[in-house]
Amino acid sequence: METFKLYYNDFEPFCQWKEDEHAILEIHLRGFKKQHLRVQIEEPDVVKITGERPINGTLRSRFRKQIKIPKNCKTDEIRAKLSGDILQIILPKQTTAFPGKPGSTECITRSESMPSNYLLYIESSSSTLEMTTKLALQVAGVLAVVVTFGAYAYKCCHCGHVEG
């Protein structure tokens, strides 16, 4: 059986920041499709964006980008959206619960409760119901792994102790 070695063309995509009510990072990715991309939260303050797509035969194009999440960002509301050849990473800003001093840019922050490696959905025209279903399936999968591991650990710990 013949196996082919893959070759990679690593590149740095053109990126630009835009500001409105959110901070938005636009990443220009010609030829990439939704299934070629992955957007994750790493640690509590970094977004990791990776992509890989076939060019021809054994040649693939790929990139990896990490951005630091601003302190005034609502981490649990970060979204990614692919429109044509542009991937937008939308970082919603915190709103203050109490009015601050005039000219103050302080925000009330909350503790980070986001698990590491939380996969963000890349939105195209998917409905909210689809995204909720996908999240529920991911949570169920993780839960199944945890329960299986717990049962295995319990069995191993209790089968090894024989009293005599």
Side-chain angles (χ1 to χ4, degrees), residues 8-55 60-151:
Y8 295 94
N9 175 23
D10 292 318
F11 73 100
E12 182 68 27
F14 173 74
C15 300
Q16 65 184 8
W17 283 98
K18 293 193 172 187
E19 291 277 333
D20 57 13
E21 69 269 11
H22 309 299
I24 300 170
L25 176 63
E26 288 188 344
I27 305 171
H28 295 252
L29 299 168
R30 182 179 213 140
F32 278 80
K33 297 193 181 328
K34 181 178 159 179
Q35 63 267 24
H36 299 143
L37 301 170
R38 185 172 184 143
V39 180
Q40 296 175 284
I41 298 278
E42 294 232 325
E43 313 189 11
D45 60 350
V46 174
V47 175
K48 180 176 141 188
I49 306 117
T50 56
E52 182 179 314
R53 73 174 180 89
I55 295 177
R60 296 186 174 279
S61 180
R62 70 179 176 187
F63 74 95
R64 179 181 175 181
K65 187 137 197 79
Q66 291 185 327
I67 58 169
K68 187 152 180 67
I69 299 171
K71 293 285 185 204
N72 67 340
C73 177
K74 294 180 184 178
T75 309
D76 58 343
E77 293 182 20
I78 294 173
R79 296 291 174 259
K81 180 179 179 182
L82 183 63
S83 297
D85 288 338
I86 298 175
L87 175 64
Q88 290 184 328
I89 308 298
I90 302 154
L91 304 159
K93 295 177 184 174
Q94 295 263 4
T95 55
T96 55
F98 303 101
K101 297 174 190 169
S104 170
T105 57
E106 278 185 64
C107 283
I108 297 171
T109 58
R110 56 170 178 67
S111 64
E112 299 294 332
S113 60
M114 170 118 5
S116 62
N117 283 340
Y118 180 80
L119 177 62
L120 299 175
Y121 293 106
I122 299 172
E123 298 177 14
S124 54
S125 58
S126 299
S127 70
T128 304
L129 179 60
E130 280 181 34
M131 292 188 329
T132 304
T133 303
K134 287 177 185 177
L135 179 59
L137 289 173
Q138 284 182 336
V139 169
V142 168
L143 201 56
V145 169
V146 169
V147 168
T148 303
F149 179 75

### Task
Take L29 and F11 through the side chain to side chain contact (heavy atoms under 4.5 Å, CB included) test and state the conclusion after the steps.
CA-CA 10 Å; L29 299 168; F11 73 100; 4.1 Å; yes
### Query
Pick from K33, H36, R62, R30: which one makes a side-chain contact (heavy atoms from CB on, under 4.5 Å) with R53?
H36
#### Entry: Side chains of T50 and E52 in contact at under 4.5 Å (non-hydrogen atoms)
no
### Message
If the condition is ring-ring contact (aromatic ring centres under 6.0 Å, His included), which residues does Y8 pass it with, not counting sequence neighbours?
### Response
none
### Query
Which pair of heavy atoms, one from L37 and one from G51, lies closest together, and at what distance?
CD2-CA, 4.0 Å
#### Entry: Parallel, tilted or perpendicular: rings of F32 and F63 (30°, 60°)
perpendicular
### Query
Hey, which of I90, I41, V39 is the one that makes side-chain contact (heavy atoms from CB on, under 4.5 Å) with I78?
I41
#### Entry: From Q94 atom CD to C73 atom SG, the distance as rounded to the nearest 0.5 Å
7.5 Å
### Summary
Smallest heavy-atom separation, E26 atom then Q88 atom, equals OE2-NE2, 3.1 Å
### Message
For E42, run the salt bridge (charged side-chain N to carboxylate O under 4.0 Å, His left out) check against K48, K68, R64, K65 and tell me which one passes.
### Response
K48
### Query
Looking at NZ of K81 and CG of L87, how far apart are the two atoms once the value is rounded to the nearest 0.5 Å?
11.5 Å
### Query
Which atom names give the shortest non-hydrogen contact between K34 and L82, and what distance separates them?
N-CD2, 3.4 Å
### Task
Check I89 against I67 and note the closest heavy-atom contact, atom names and distance.
CG2-CD1, 4.3 Å
### Message
Quick check: do H22 and L91 have side-chain heavy atoms less than 4.5 Å from each other?
### Response
no
